[in-house]
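Quantities reported herein were computed from a predicted structural model and do not represent experimental measurements. In what follows, residues are counted from 1 in the order of the sequence shown.
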Amino acid sequence: GEIMRSSFKNVLASVLISASLLGVSAGHAADTKVRTLKFAFVQPKDHPWGYGAQRFADLVGEKSGKKITVKTFPGGTLGGDIQMLSSLQGGTLDMTMMAAGLLVGLKPQFVVWDLPFLFNDFKETDAVLDGPIGKKLMDTLPEKGLIGLSYWDHGFRNVTNSRRPIAKPEDIEGLKIRTLQAPIQIDIFTTLGANAVPLSFPELYAALEQKAVDGQENPLAVIEANKFYEVQKYLSLTRHTYNPLIVLVSKKTWDRLSNDERKILMDAAAETRAYQRKVSRDWEAKALETMKGKGMLVNDISPPEKARMREKLKPVTDKYSKEAGEALVKEVNAEIEKVRSGK
């Protein structure tokens, strides 16, 4: 037994040595310093964002031979989205992730992702994000002090409220709805007749609980992981906007990294993408069942009523298509068309 064990140990050692040599020759861990990167975001640890961040952190550790530690700060502990963006630009925070539409204050093109009823399904979203258009938008960020690493999944947004089910556009009229701190989201709900209240995410639960707002809109995983079912009775599956999740690094941090270190971050983010999307999308289906179980009343919107919502929102679509750039919107629609026609 002893001999077996020691020869097994030797085999294992030689396997590990050759693996580490391979790692070095592949350019990993070659020019790498010991450093810790702070990665903060508003969603909880136990949520598809948190799982994505953890997988990314593990991969960076692995690829850097444990030299680079990614420390996550979930749950909005380092501030809301807008606050974290300015921390990234200032270099006091290394990484964050958020709905890509929140970058519109820095780069108007990013509003394209938030156009209402643009996408029907994940096939369409992924084709556009992972293709040249997604890259083109990311390439506009360095001059604003940000580096885009990857698009992960946040999901299709749905409306919840404590007053009534929303089955048609008229049902939204007069409701106080918290929206993202993004002009298009405020306009979408104002145009549908709601009283739109832009609040940062960490303030939202209390606002719902105290009935300072009647409702809010978010992907299902967010609604469930943050226990909004405790303070919201109705969930209406409007799927009015799809949010890509954009993973960002501070350019100040990026400029301090070697090419090898940058490659480690890029590879880790790219490898995490498929995993995080799967977690996020599986979670969505599960979350719906969980929330029904918690007594939430869930309703779909019929295709004709959805068409009426879309029609009512046409002025918003037109206004923000101009802001995004008509040419870009055309490109996005052409990509979506390709997927729809199965080309």
Side-chain angles (χ1 to χ4, degrees), residues 40-50 73-87 96-105 114 116 154-166 169-241 243 245 283-284 287-288 290-292 294-299 316:
F41 44 92
V42 297
Q43 294 302 330
K45 194 169 132 73
D46 191 18
H47 174 275
W49 289 24
F73 294 84
T77 48
L78 300 188
D81 292 310
I82 304 300
Q83 200 179 337
M84 288 191 293
L85 268 185
S86 75
S87 303
T96 188
M97 55 180 151
M98 62 188 58
L102 288 168
L103 298 175
V104 60
D114 278 1
H154 190 28
F156 282 93
R157 302 182 78 85
N158 299 286
V159 183
T160 69
N161 80 99
S162 54
R163 300 212 357 224
R164 56 178 174 262
I166 292 163
E170 290 77 7
D171 297 333
I172 295 176
E173 286 170 20
L175 293 177
K176 265 195 182 156
I177 303 277
R178 176 268 179 180
T179 67
L180 282 172
Q181 293 166 298
I184 185 171
Q185 296 291 348
I186 298 165
D187 278 358
I188 285 173
F189 283 89
T190 307
T191 304
L192 291 172
N195 179 354
V197 184
L199 280 179
S200 93
F201 190 79
E203 302 170 68
L204 178 52
Y205 186 95
L208 293 169
E209 189 174 33
Q210 291 149 16
K211 297 230 185 324
V213 293
D214 297 313
Q216 60 85 50
E217 41 87 52
N218 256 302
L220 297 179
V222 172
I223 299 167
E224 189 247 348
N226 293 279
K227 300 186 165 55
F228 291 164
Y229 50 76
E230 297 174 343
V231 289
Q232 299 276 272
K233 183 77 179 151
Y234 303 100
L235 164 58
S236 305
L237 302 174
T238 50
R239 291 170 68 88
H240 51 276
T241 311
N243 286 154
L245 180 59
W283 194 294
E284 190 182 65
L288 194 56
T290 304
M291 292 188 288
K292 284 179 183 166
K294 300 281 185 189
M296 261 189 133
L297 301 177
V298 179
N299 71 285
V316 178

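For the atom pair CZ (Phe156) and CG (Asn243), the distance works out to 10.0 Å, reported to the nearest 0.5 Å. Summarising the geometry, atom CZ belonging to Arg178 is positioned 15.0 Å from atom CG belonging to Asn161; distances are rounded to the nearest 0.5 Å. In this structure, the separation between CD1 on Ile223 and OG1 on Thr290 is 12.0 Å, given to the nearest 0.5 Å. Distance check, rounded to the nearest 0.5 Å: CG of Asn218 to CD of Glu224 gives 13.0 Å. Here the CG atom belonging to Leu288 is positioned 6.0 Å from the CG atom belonging to Leu237, to the nearest 0.5 angstrom. Distance CE/Met84 to CZ/Phe73: 11.5 Å, rounded to 0.5 Å.
At a cut-off of 3.5 Å, with distance as the only test, a side-chain donor of His154 or Trp49 sits close to an acceptor on the other residue. Checked by atom type, the side-chain pair Thr179/Glu217 shows no donor-acceptor distance below 3.5 Å. Asn299 and Ser236 share a donor-acceptor pair across their side chains, judged by distance under 3.5 Å alone.
Contact annotation: the side chain of Arg157 never approaches that of Val222 to less than 4.5 Å [non-hydrogen atoms, C-beta and beyond]. Residues Gln83 and Ser200 form no side-chain contact, since every pair of their non-hydrogen atoms from C-beta on lies 4.5 Å or further apart. Looking only at side-chain heavy atoms (C-beta outward), Asn226 and Gln43 come within less than 4.5 Å of each other. Side-chain contact between Phe228 and Met291 is absent, with no heavy atoms from C-beta onward closer than 4.5 Å. The shortest side-chain heavy-atom distance between Tyr229 and Lys227 falls under the 4.5 Å cut-off. For the pair Leu208/Gln232, a side-chain contact is recorded, criterion being any heavy-atom separation below 4.5 Å from C-beta on. Residues Ile177 and Val213 fail the side-chain proximity criterion, which asks for heavy atoms closer than 4.5 Å. With a 4.5 Å cut-off on side-chain heavy atoms, Leu85 and Leu103 count as touching.
Across every non-hydrogen atom of Ala196 and Pro198, the tightest pair is O-CD, 3.7 Å. Scanning both residues, His47 and Ala225, for their nearest heavy atoms gives CD2-CB, 3.7 Å. In terms of heavy-atom proximity, Ala40 sits nearest to Thr96 at O-OG1, 2.7 Å. Residues Val104 and Pro183 approach most closely at CG1-CD, 4.4 Å, considering heavy atoms.
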Validation: residues 185-194 side-chain donor-acceptor distances under 3.5 Å, sequence neighbours left out:
from	atom 1	to	atom 2	distance (Å)
Gln185	NE2	Asp114	OD2	3.4
Asp187	OD2	Lys319	NZ	2.8
Asp187	OD2	Tyr320	OH	2.7
Thr190	OG1	Ile186	O	2.7
Thr191	OG1	Asp187	O	2.6

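In this structure, the side chain to side chain contact (heavy atoms under 4.5 Å, CB included) partners of Leu297, at least two apart in sequence or on a different chain, are Lys233, Tyr234.
Counting only distance, with no hydrogens or angles, the side chain of Asp214 and the backbone of Ser162 share no donor-acceptor pair below 3.5 Å.
The one candidate from Val159, Asn158, Thr160, Leu235 that meets the side chain to side chain contact (heavy atoms under 4.5 Å, CB included) condition with Ile166 is Val159.
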Could you give me the CA-CA distance, side-chain angles and deciding distance for Arg164 and Leu175, then say whether side-chain contact (heavy atoms from CB on, under 4.5 Å) is met?
CA-CA 9 Å; Arg164 56 178 174 262; Leu175 293 177; 3.7 Å; yes
